[in-house]
There are 2 protein chains.
Amino acid sequence: MAVGLTALPELHPVSGIRVGTSRAGIRKKDRRDLVVIECAPGTQAAAVFTRNRFSAAPVQVAREHLAARPPRALLINTGFANAGTGQPGIESARACCQALAQRLSCAPEEIMPFSTGVIGERLPVERVVAGLPAAVSALSGDGWAEAAYGIMTTDTLPKGSSRRMILGGREITVTGIAKGAGMIRPDMATMLAFVATDADASPAALDRCLRSAAAVSFNRITVDGDTSTNDALVLLATGRAGNPRIEVDGPDYERLREAVSEVCAQLARAIVRDGEGATKFITIEVTEGKSKEDCLAVAYTIAHSPLVKTAFFASDPNWGRILAAIGRAPIAELDVDRISISLNGVAVVRSGALASDYTEARGAEAMAQAEITVRVALGMGAATDTVWTCDLSHDYVRINAEYRT
Amino acid sequence: MAVGLTALPELHPVSGIRVGTSRAGIRKKDRRDLVVIECAPGTQAAAVFTRNRFSAAPVQVAREHLAARPPRALLINTGFANAGTGQPGIESARACCQALAQRLSCAPEEIMPFSTGVIGERLPVERVVAGLPAAVSALSGDGWAEAAYGIMTTDTLPKGSSRRMILGGREITVTGIAKGAGMIRPDMATMLAFVATDADASPAALDRCLRSAAAVSFNRITVDGDTSTNDALVLLATGRAGNPRIEVDGPDYERLREAVSEVCAQLARAIVRDGEGATKFITIEVTEGKSKEDCLAVAYTIAHSPLVKTAFFASDPNWGRILAAIGRAPIAELDVDRISISLNGVAVVRSGALASDYTEARGAEAMAQAEITVRVALGMGAATDTVWTCDLSHDYVRINAEYRT
């Protein structure tokens with residue numbers, strides 16, 4: 001049911017990165033569920049993780065390992081989130097790192113672990129370890145597409161994005177993969193996204209690049225408002241492209257930031273397009289706010305309203321629900337007489353009242369589209385911001401009622 | 001599908017109040033949709049209304065009229081919310097008041113109007129006016145039960161509550177009716193609840209009584225987190241019981257407050273039991289918080305999580321979703337190692353980790369009940385608070401996708 005999401009785009013190899021996927025039977029048989037992303041020596045990494053206080057064991061271990069040394073490999077499993085598992089969960093994550101480190105002849109601290117799946121159940125370490133040989137022997141520069149499948153859970157389609165450009169006279173590649181599709185309201189990062197480049201960039205430039213990209217991509221999407229315990233976004237830079245090293249204030253920084261942001265934004269929107277049960281892809285643009293925070297508060301209140309989301313599912317131009325959501329948004333100042341609302345360019349509300357040229361037929365036509373842009377002008381200032389979300393359908397309830405069965 | 005809600009309890013007449021209901025065909029044919037609640041001269045009234053900035057036209061008019069004079073009648077229609085209708089909506093509400101005032105030989109400012117239904121469409125004043133004679137001729141002290149039906153929209157059952165007691169040597173009655181069943185996350189009041197007593201009470205005592213009752217009833221329930229544009233809770237006191245007038249600091253105030261609070265709490269819980277698509281009635285008790293605000297923030301984050309709500313619908317003890325919701329609750333301090341969670345008395349999490357005696361079978365048994373109490377102990381202090389909610393089922397999506405058809 002993914003909206004406007006079809007085949008994976010071509011995912012260009014990134015010099016210095018090899019990716020391998022296997023079927024380890026971690027939760028279900030015969031499903032790609034284990035991924036290794038190997039980085040050449042000298043690779044720099046930046047990462048952002050969930051702000052949920054119940055961060056998963058792998059998140060805690062990955063954070064600790066990254067602080068100690070740059071990674072030589074990322075290890076990702078699906079099926080179990082290894083969250084809410086206490087100290088035994090930490091030990092499970094460490095045991096997986098240990099097993100992969102042995103096989104790659106590196107230190108356990110050079111492995112960053114990531115998990116996604118059911119919260120609160122023990123990670124079957126023995127199955128992860130048993131699946132490692134196949135994943136390692138599959139390692140290849142061309143392994144990205146397989147890995148995009150390998151990290152899926154309730155996703156119906158794999159998500160990937162890739163860009164090439166010339167920087168400092170050398171061809172640079174940025175390639176990334178991500179997964180959704182529920183518990184999606186990332187706060188600093190999302191439910192597993194991995195982006196790599198062969199560009200040479202300083203750790204400071206890489207970190208800033210990643211935070212800037214997250215802010216306009218993963219931190220602007222929501223499926224259900226539920227911030228996951230396992231969100232993680234990693235940016236790897238192998239430096240193999242041979243370009244002059246990119247510094248924060250350097251001439252090429254902005255172009256790298258743009259490329260990484262574009263890849264992240266495409267991945268983030270792909271997660272929403274394939275949100276659990278999604279039949280509509282909704283862009284909520286809030287303009288004329290006093291601050292970006294106000295714009296975001298209004299956008300998220302609309303995006304999280306179950307009544308608005310079910311109206312989108314029904315293609316019902318029940319704009320009163322959008323208006324009611326705006327009216328309860330947690331912002332300090334709101335003048336209802338200045339608000340305007342449009343749906344795919346059809347003016348619905350102008351200066352707080354029904355637009356004189358609005359007709360139910362025009363509203364219905366706008367709402368019938370698979371992709372809908374809701375534009376809300378607050379009439380309070382010049383700030384603007386955008387959030388992407390999807391509708392709430394029968395399938396969302398079905399998928400999440402049956403999730404563990 | 002209402003949970004634990006069956007026939008209306010006996011609704012005792014309130015001396016000085018007459019209630020009449022008619023079928024005015026306002027939105028659908030042959031449906032009770034118009035209610036008049038007539039108050040004897042000298043009746044005092046207190047009311048709280050929605051805090052949604054897009055308050056409906058009747059809310060604005062009712063507020064204005066109540067400030068001018070005590071009401072002689074309340075006029076309630078379903079089918080159309082008369083919200084988001086601008087100045088013409090205000091004029092429609094006034095026209096309805098005018099018509100009833102003429103019939104009851106009082107001033108238009110002595111009528112308080114209330115509407116519920118679809119937002120953004122014009123209220124067909126002519127149908128309301130045409131339905132008034134039948135409603136007025138039906139006026140009777142025994143009309144409460146009919147009126148409980150007359151204010152229903154997506155409700156599947158009527159909601160009413162009634163109490164009798166001796167105060168100052170006289171028998172006092174408190175009777176109320178309310179409606180749900182969607183766009184329910186009242187903020188100061190709920191989607192139409194009317195409570196009357198024949199007790200004699202000062203306006204100050206009545207107002208304080210109502211605010212106190214709202215705080216522990218309607219302001220503690222949520223179905224979908226969407227605060228309506230039309231919420232209103234009204235308390236009428238005819239003074240006909242002949243008891244010594246109740247003052248804020250007087251000896252009988254506390255007993256009146258308790259009775260009104262009990263009636264309001266029963267009505268509020270009835271709204272949740274009959275929440276759109278509800279199959280489970282969930283009580284969320286948060287204890288050991290630093291403040292009541294913290295407790296409420298945690299309780300509402302759990303109550304609004306679509307993932308938690310679908311797990312309840314599925315009777316799936318997927319407690320990881322509760323934990324993830326707590327982890328993202330907007331409170332300043334949270335120590336995950338101090339948190340305990342139980343489901344209907346079954347300990348699930350103790351001190352942040354899975355309880356050693358927890359089994360999936362015990363969790364499944366707790367979740368299979370139609371009424372579930374989630375107890376969360378934060379381990380941070382002594383504050384406590386409770387919120388009532390329901391699950392998110394297929395029927396919620398169906399009802400709201402088909403609402404206007």
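So you know, we letter chains A, B, ... as the sequences are listed, proteins then strands, and number each from 1.
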CZ of A:R53 to CG of B:L323, rounded to nearest 0.5 Å, is 12.5 Å
Flag side-chain contact, heavy atom, 4.5 Å: A:Y396 against B:V397: no
Roughly how far, to the nearest 0.5 Å, is CZ of B:R328 from CG of A:D231? 11.5 Å
Under a 4.5 Å heavy-atom cutoff, which of B:I339, B:L354, B:L307, B:L334 has the most pairs with chain A? B:L307
With rounding to the nearest 0.5 angstrom, report the OG to NE2 distance, A:S305 to B:H304. 10.5 Å
All heavy atoms of B:A401 vs all of A:F313, minimum pair found to be CB-CD2, 4.0 Å
For A:A329, is it the side chain, the backbone, both, or neither that has a heavy atom closer than 4.5 Å to a heavy atom of chain B? backbone
Give a yes or no on whether a salt bridge exists between B:R321 and A:D226, defined as a side-chain N under 4.0 angstrom from a carboxylate O. no
Please state whether the side chain, the backbone, both or neither of A:A83 comes within less than 4.5 Å of a heavy atom of chain B. neither
Could you have a look at A:G89, A:P88, A:S55, A:A324 and say which one has the most heavy-atom pairs with chain B under 4.5 angstrom? A:A324
Counting only heavy atoms not in A:E365, do more than 12 fall under 6.0 Å of its CD? no
Determine the option with the most heavy-atom pairs under 4.5 angstrom with chain A, choosing from B:T310, B:D337, B:I326. B:T310
Could you check which of B:T85, B:T301, B:T229, B:D224 has the highest count of heavy-atom pairs closer than 4.5 Å to chain A? B:D224
With chain B as the partner, which of A:V348, A:D391, A:V336 has the greatest number of non-hydrogen pairs under 4.5 Å? A:V336
What residue, out of A:S228, A:A314, A:P306, has the most heavy-atom pairs lying under 4.5 Å from chain B? A:P306
